[in-house]
Each structure stands twice: as C-alpha cells, then as structure tokens.
Amino acid sequence: MKSAMGVSMAACGSTVAVYNNLVAFANQPFSKSAISSCSFTSNPARFPSVSPKSRLSYTLSTVIPKASATAVEDGIYQETDDVPIPKVIIDQDSDLNATVVEITFGDRLGALLDTMRALQNLGLNVVKANVHLDSSGKHTKFLITKASTGRKVEDPELLEAIRLTIISNLLLYHPESSAQLAMGETFGIEAPKQKIDVDIATRIHVYDDGPNRSLLSVETADRPGLLVDLVKIFTDINVAVESGEFDTEGLLAKAKFHVNYRGKSLIEPLQQVLANSLRYFLRRPTTEDSSF
C-alpha cells in the first residue's frame, strides 16, 4: 500500500466518488455471504501516548425523531420496531498507513456522505471505503488519514473526536438509536432506559503477548472522552501504547491495547498497578475533568 494514498485518494477517488460507490453497492440485493469491495492488510501500527493539551472541540447537531427504518431477515427487508445496537470500531492494528473505522447499525445506516464530510471537517481524508453485508446488516468501513500528512491518525484526542463525530451523525439521522447508546444520555433525545452498573460492567485483563509487549483488554460503561482518559492513565504510569482497537458497542466500550514498559512486556506487579489504576478511575464518579 502506497504511503501517499491519504493525499492523492487515488485508490477510490474523491469523497463523492467513494460515496457513490457505497450507495451503488448498498442498493444491491442483500446476500447473507459477506461481500467486500476493498481489502485491508494486517500490520502493526503506532498509537502513541497522549500528552496534556487542550481538548478538541466539535459540534453535536440537534436531532429530530424520524420514523423507524427496516431490518434484514432471510434476505428480505422488513419493517421492525427492534432497534439494533449501534457499533463504532476504531482500529489502529489492521492497516499500517491508515486508521480503519467501521460503523454498523443493522440495515439502518445511511447519510454516509454527511459522515464523510464531517470527518473532513476534522482535517481528515477518507481514502477508501467499502460496505459488506451479512446476517447482522451493513458494515461500512472507512480508511482515514490526516489530510496534512497523509498518514494514519495517532492523536488520541483526534481519535476520540472521530468517534464522537460519527456518533453525533448517527444520532442525527437515526434518533431511534439514542436509547441504545451511552451518548444518548448526553447528546441524544432519549436517555438509555437502563443504566449500566459500572462496577459490574468493568472488566480488565492483562496478558503477555510476547517478550516485548502485553495485551490489555478493557470493557466498561461508555462515556464521552473515555478513549483520551484511558491513554492518559497509561501515560501517568509510564506505560506506552503501541496500537489498539476501541469499540463503541451500545452502552459499552470495549478496547484492546498493545502496551509495553520501556520496550518490554509488563511484569506482573506492573500489570496489577495498571489494572488497579484503571479500575479506580473507571469506577469513580465522572468529573468535569474526565469528560470530553
């Protein structure tokens, strides 16, 4: 994959061309088998620790309720009152040169051009995109780079801004998703009907992943600014983040980070320090300082 792909967008053309390709594909008859229009390589990626700075600002639009959309069952589009769980995945592992973002919301996801324009407003390029279909609906993937460098996004604050911008657009065009997202309580028109018990929801595990790094798994109740706050905790105890994946899945956030301490995997006492620090931070009441 060429390093200049983020600047030239030669792989899929302009933003409008990428969007038109997605629309044409999405309008094809539904198939249970997974279909992919672009392939992704599997390479390690850099994901540096965050440094103290002022946080990025963004605008969340006011949402207006709209009618329920359709779902897919046995290859047939049907009206349904069941709202699928929205998922937003930010993947720093799968591509060496770009940040991979995947959005899934059953068969309801639309307004892709608006989402891509919103990402461009953050100083980003969408260099590739594809849609594949399976029994859970449409999965839309974007390959994103910084417009200024043509490289993948490495700033945790910008990654968090990407996540919240996508969720903002999701709430705008699919306000029925508000009660399915933790962000619905803050930004949506309807808060989740059930609250997640942070003590029960929070799960933290650290595994050895070779001599030079460890794999940290974190699952907890989602909230704005969570990605930035997690990386800041790593920085405070001198744990470096090499790469990772951050998933927003309804009311939960699920993250996996490859981490190291001075180029080596975390020894057991440091694993315990990291796990205890995360549990303390995630289970304490959210303060203004920890919100995005």
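Along the sequence shown, residues carry numbers from 1. Since this is a predicted model, take the numbers as computed values, not measurements. Side chains are part of it too, since the values below use all heavy atoms of this structure and drop only hydrogens, waters and symmetry mates.
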Query raised in the report: Is there side-chain contact between I167 and F187, with heavy atoms separated by less than 4.5 Å?
Result: no

Query raised in the report: Would you say the side-chain atoms of T186 pair up with the backbone N or O of A182, donor to acceptor, closer than 3.5 Å?
Result: no

Query raised in the report: Can you check whether L278 reaches L216 side chain to side chain, under 4.5 Å on heavy atoms?
Result: yes

Query raised in the report: Are F246 and I85 in one and the same hydrophobic cluster, where Ile, Leu, Val, Met, Phe, Trp and Tyr link if side-chain heavy atoms are under 4.5 Å apart?
Result: no

Query raised in the report: Is there a donor-acceptor pair under 3.5 Å between the side chain of T202 and the backbone N or O of V198?
Result: yes

Report summary line: Between A147 and N125 the two heavy atoms that sit nearest each other are CA-ND2, 3.7 Å

Query raised in the report: Mind checking whether H174 and F105 have parallel, tilted or perpendicular rings, split at 30° and 60°?
Result: perpendicular

**Report entry** E185 bridged to R223 by N-O distance under 4.0 Å
**Finding:** no

**Report entry** side chain to side chain contact (heavy atoms under 4.5 Å, CB included) evaluation trace for I162 with V101
**Finding:** CA-CA 9 Å; I162 291 171; V101 176; 4.3 Å; yes

Query raised in the report: Does the side chain of L159 come within less than 4.5 Å of R163's, by heavy atoms?
Result: no

Query raised in the report: Would you call K193-E190 a salt bridge at under 4.0 Å N-O?
Result: yes

Requested in this report: Take D222 and T248 through the test side chain to side chain contact (heavy atoms under 4.5 Å, CB included) and record every step on the way to the result.
Outcome: CA-CA 7 Å; D222 192 24; T248 304; 3.4 Å; yes

Requested in this report: Drop me the distance from H139's NE2 to T104's OG1, to the nearest 0.5 angstrom.
Outcome: 4.5 Å

Query raised in the report: With sequence neighbours left out, which residue pairs that include part of residues 244-254 fulfil the salt bridge (charged side-chain N to carboxylate O under 4.0 Å, His left out) condition?
Result: E249-K254

Requested in this report: Using a strict 4.0 Å threshold on nitrogen-to-oxygen distance, state whether K152 and D91 make a salt bridge.
Outcome: no

Query raised in the report: With distance as the sole test, does Q180 use its side chain to make a donor-acceptor pair with the main-chain N or O of V83 at under 3.5 Å?
Result: yes

Query raised in the report: Side chains of R203 and S217: does their closest heavy-atom pair fall under 4.5 Å?
Result: no

**Report entry** ILVMFWY cluster, L119 and L227 together (side-chain gap under 4.5 Å)
**Finding:** yes

Query - Closest non-hydrogen atom pair, S177 against L171 - result: OG-CD2, 3.8 Å

Query - Nearest atoms (heavy-atom pairs only) where N238 meets Y261 - result: O-CD1, 3.2 Å

Requested in this report: Starting from the C-alpha separation in whole Å, work towards a yes-or-no answer on side chain to side chain contact (heavy atoms under 4.5 Å, CB included) for L170 and L181.
Outcome: CA-CA 10 Å; L170 182 64; L181 284 162; 3.8 Å; yes

Query - D209 vs H258 side-chain heavy atoms within contact, under 4.5 Å - result: yes

Name every donor-acceptor pair, under 3.5 Å, that has one atom in a side chain of residues 264-273 and the other anywhere in the protein, sequence neighbours excluded.
{"residue": "S265", "atom": "OG", "partner": "P211", "partner atom": "O", "Å": "3.4"}
{"residue": "Q271", "atom": "NE2", "partner": "D208", "partner atom": "OD1", "Å": "3.3"}
{"residue": "Q271", "atom": "NE2", "partner": "L266", "partner atom": "O", "Å": "2.9"}
{"residue": "Q272", "atom": "NE2", "partner": "N276", "partner atom": "OD1", "Å": "3.1"}

Report task. Quick one: list whatever passes side chain to side chain donor-acceptor pair (under 3.5 Å) with S178, sequence neighbours left out. Result -> none

**Report entry** L158 side chain near K146 side chain, heavy-atom distance below 4.5 Å
**Finding:** yes

Query raised in the report: If every non-hydrogen atom of A221 is compared with every non-hydrogen atom of A201, which pair is closest and at what distance?
Result: N-CB, 4.3 Å

**Report entry** Within one Ile-Leu-Val-Met-Phe-Trp-Tyr cluster: I89 and I166, side-chain cutoff 4.5 Å
**Finding:** no

Query - Considering all heavy atoms, the nearest I204-A275 contact - result: CD1-O, 3.8 Å

Report task. Give a yes or no answer on whether the side chain of T99 reaches the backbone of V153 with a donor-acceptor pair at less than 3.5 Å. Result -> yes

Query raised in the report: For D114 and L172, what are the C-alpha separation, side-chain angles and deciding distance, and is it a side chain to side chain contact (heavy atoms under 4.5 Å, CB included)?
Result: CA-CA 10 Å; D114 293 82; L172 173 63; over 6 Å; no

Requested in this report: Report whether V259 and F281 are members of the same hydrophobic cluster (ILVMFWY, side-chain heavy atoms less than 4.5 Å apart, transitive linking).
Outcome: yes

Query raised in the report: How about L122 and T165: do any of their side-chain heavy atoms sit closer than 4.5 Å?
Result: yes

Report task. List the atom of S277, the atom of I237, and the distance in Å for their closest heavy-atom pair. Result -> OG-CG2, 4.4 Å

Report task. Check whether any side-chain heavy atom of K128 lies under 4.5 Å from a side-chain heavy atom of F142, and answer yes or no. Result -> no

Query raised in the report: For the hydrophobic clusters of this structure (ILVMFWY residues joined by side-chain heavy atoms under 4.5 Å, transitively), does one cluster hold both L252 and L226?
Result: no

Query raised in the report: Is there a donor-acceptor pair closer than 3.5 Å between any side-chain N or O of E160 and the backbone N or O of G225?
Result: yes

